[in-house]
Amino acid sequence: MKQKITLSLEKGIEGLEAKNLLKSPIPKKVPLSLSVASQFGDLTTNIALQLKSEKRPMTLANILAESLKEVELIEKVEVREPGFINIFLKKEFLYQVLSWVLEKGEKFGSSQAGKGKKILVEFVSANPTGPLTIAHGRQAALGEAIAKILSANGYQVTKEYYLNDVGSQIDLLGESLLARYREILGLPFSIPADGYFGDYLKTIARELKDKYKDKLLAKEKDFFSHLAANKILSEIKKDLSDFKVHFDSWFSEEKLRQSSEVKKALSQLEEKGYLYRRDGAAWFKSTSFGDEKDRVLQKRNGAYTYLAPDIGYHQNKYERGYHSLINLFGPDHDGYIPRLKGALIALGHPSHSLSIIIVQLTTLYQGKKKLSMSTRKGEFITLRELIKEVGADVARYFFLSRKSQSHLDFDLELAKKNSSENPAYYIQYAHSRICSIMKFAREKGISCEGRIKLSCLSSLKEKEELNILRFLFRFPYLIETSGKTLQVQPILSFLQELAGDFHSYYNKFRIVTKTGDLTRARLWLTKGVGIILRNGLSLLGISAPEKM
RNA sequence: GCGCUUGUGGCUCAAUGGAUAGAGCGCUGGCCUCCGGAGCCAGUUGUUGGGGGUUCGAGUCCCUCCAAGCGCGCCA
């Protein structure tokens, strides 16, 4: 539909050009967007305001509007000051949309726009040195939703977790566990100053004592590192699975380092002249790419810095056939972006092929009280505790209710409330209400299965009904936009609005009436809303319960 | 000091550069003999942190100041 209108607008513009009314070249794209309010029609274009001409925008708009009148399914075209062209679609078109929704069901809103292009989404990637925190939870919720949205747009998406299972943090973890082990055996112990003090290591130490007594004291430090990391990793996997987040791939830094990939990437950088040696260390010339200073890749003692294997890792992503990479990082990594991106550009990858989404921190509140967190000190609310307190759906709702680059204040007290004060249930309630209506109708012997009769839908005349139909029309465009902007939050707002309009509609009109055709039409409408709510919630990873 | 992010009713948040800045919570008053009251309806609450600029049009873009969070290692 949009295409048809765009086409005839383009024709109209060519017409203007032919009459020499334009001062600027014809724009490549004609902007056509969904109207912000129903009084402005269904679709809107501001093209007349964009064109440079001797004539007033209003004059141009009126000429262009004429060219649209021919298009089928357009009810009317209005031109409003200062030069908007508002397009009203025929009711028949909206009925058609509803029948598409019912026909396509859970596929409605999906498209093949991505043409199966391979995309890799990397997120969470928390070091296996402690339990997942709520900050990771926010990333998990967001990453999962982005992956689902991209899939719905026809991309072939892989979700990957980069596992920093080697390096100084892991060494510290091992030392910390050894210390706890000695502690529990009644031996003198000391935890490294920048080690891990959380109680979870005590728990592991206790298990070791119960199983092996003091026999492990002879083991190397590495033994404890591996043991602790593996143990914690399996907890992390369990937490994610409880949060309904599933990774397709776990990429081990240790295996990466064992391979020659890191070395290879560094020598490629050297070939291209972006690597030099100074003070016995190997430096990457990241200042060539806007970084504030050059960065060390290989230390004087021969060990890699964090950046080196990370370059190798990203190079490896490209080599695996992904030409579009999306990374979710915490805000503590934002200064890190120029050097990573710089390295990838140096290796010949286009700068737009890597999108980095910074997911800001979450501050947890207990009512008015702020709860502080630090993994190393062992003071934090874990993701597990959060899910236990409020449930996965509510946690997701709050995580996704703000755009990713904003700080999130998470009020535990509000989230725990099982009542109308908790906004998380609003959409779900609409969905279960719909299921309940459908059940009621079935029990009355009214069936709305089978083919939809478009003639029957013409009973939908109320402005509330037409308004809801417009929502259904907007849904596929919403998914499309979301796939481009990688913004998840607008989907939540949309569902919230749709649920709200449906609640109002329900209170004002009866769905199941005495008139057969009207009842069937309204049930179809109700069913359609249910499908959209379900599809939308599913993209967000929130369940759509039939009963609550 | 430098960089990134944020600043919108009492609170938590919306608003592809677009038309009258919207929701929820809170507060006040109403709504089930009938499809789920975790809902609905009405009312209340705004100099979009301050100041300049670009634009037909700015909460949105640019400059500047203020405030908050985070980051500025041969840590990861």
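Every heavy atom of this structure was used, including side-chain atoms; hydrogens, water molecules and symmetry mates were not. Per chain, numbering begins at 1; letters A, B, ... match sequence-line order.
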Plane angle bin for A/Phe284 and A/Phe289 - parallel if under 30°, tilted between 30 and 60°, otherwise perpendicular: parallel
Phosphate OP1/OP2 of B/A38 contacted by A/Tyr429 side-chain N/O (<4.0 Å): yes
A/His333 and A/Tyr336 aromatic ring geometry - parallel, tilted or perpendicular at 30°/60° bounds: perpendicular
A/Ser504 vs B/C41: side-chain N/O to OP1/OP2 distance below 4.0 Å: yes
Aromatic stack A/Phe40/B/A19: centroid gap under 5.5 Å, interplanar angle under 30°: yes
Presence of A/Gln298 side-chain N/O under 4.0 Å of B/C74 phosphate oxygens OP1/OP2: no
Where the chi angle of B/C32 falls, syn if within 90° of 0 and anti if not: syn
A/Phe123 and A/Tyr161 aromatic centres sub-6.0 Å: no
Side-chain donor/acceptor of A/Thr481 to base of B/U16, under 3.5 Å: no
Phosphate OP1/OP2 of B/C35 contacted by A/Arg522 side-chain N/O (<4.0 Å): no
Rounded distance (Å) that lies between atom P of B/U16 and atom CD of A/Gln489: 9 Å
side-chain N/O A/Lys484 vs B/U16 OP1/OP2, d < 4.0 Å: no
Side-chain N or O of A/Lys508 closer than 4.0 Å to phosphate OP1/OP2 of B/C31: no
Phosphate OP1/OP2 of B/A76: any A/Lys299 side-chain N/O under 4.0 Å: yes
Heavy-atom donor-acceptor pair, A/Asp171 side-chain to B/A76 base, under 3.5 Å: no
Length of the CZ-C1' vector between A/Phe329 and B/C4, whole Å: 14 Å
NZ or CZ of A/Arg474 within 45° of A/Phe471 ring axis and under 6.0 Å: yes
Distance below 4.0 Å between A/Tyr426 side-chain N/O and B/C40 OP1 or OP2: yes
Pair of N/O donor and acceptor under 3.5 Å linking B/G18 base with A/Asn46 side chain: yes
Distance in angstrom units between A/Gln487 CD and B/U16 P, rounded: 9 Å
A/Arg402 vs B/A14: side-chain N/O to OP1/OP2 distance below 4.0 Å: yes
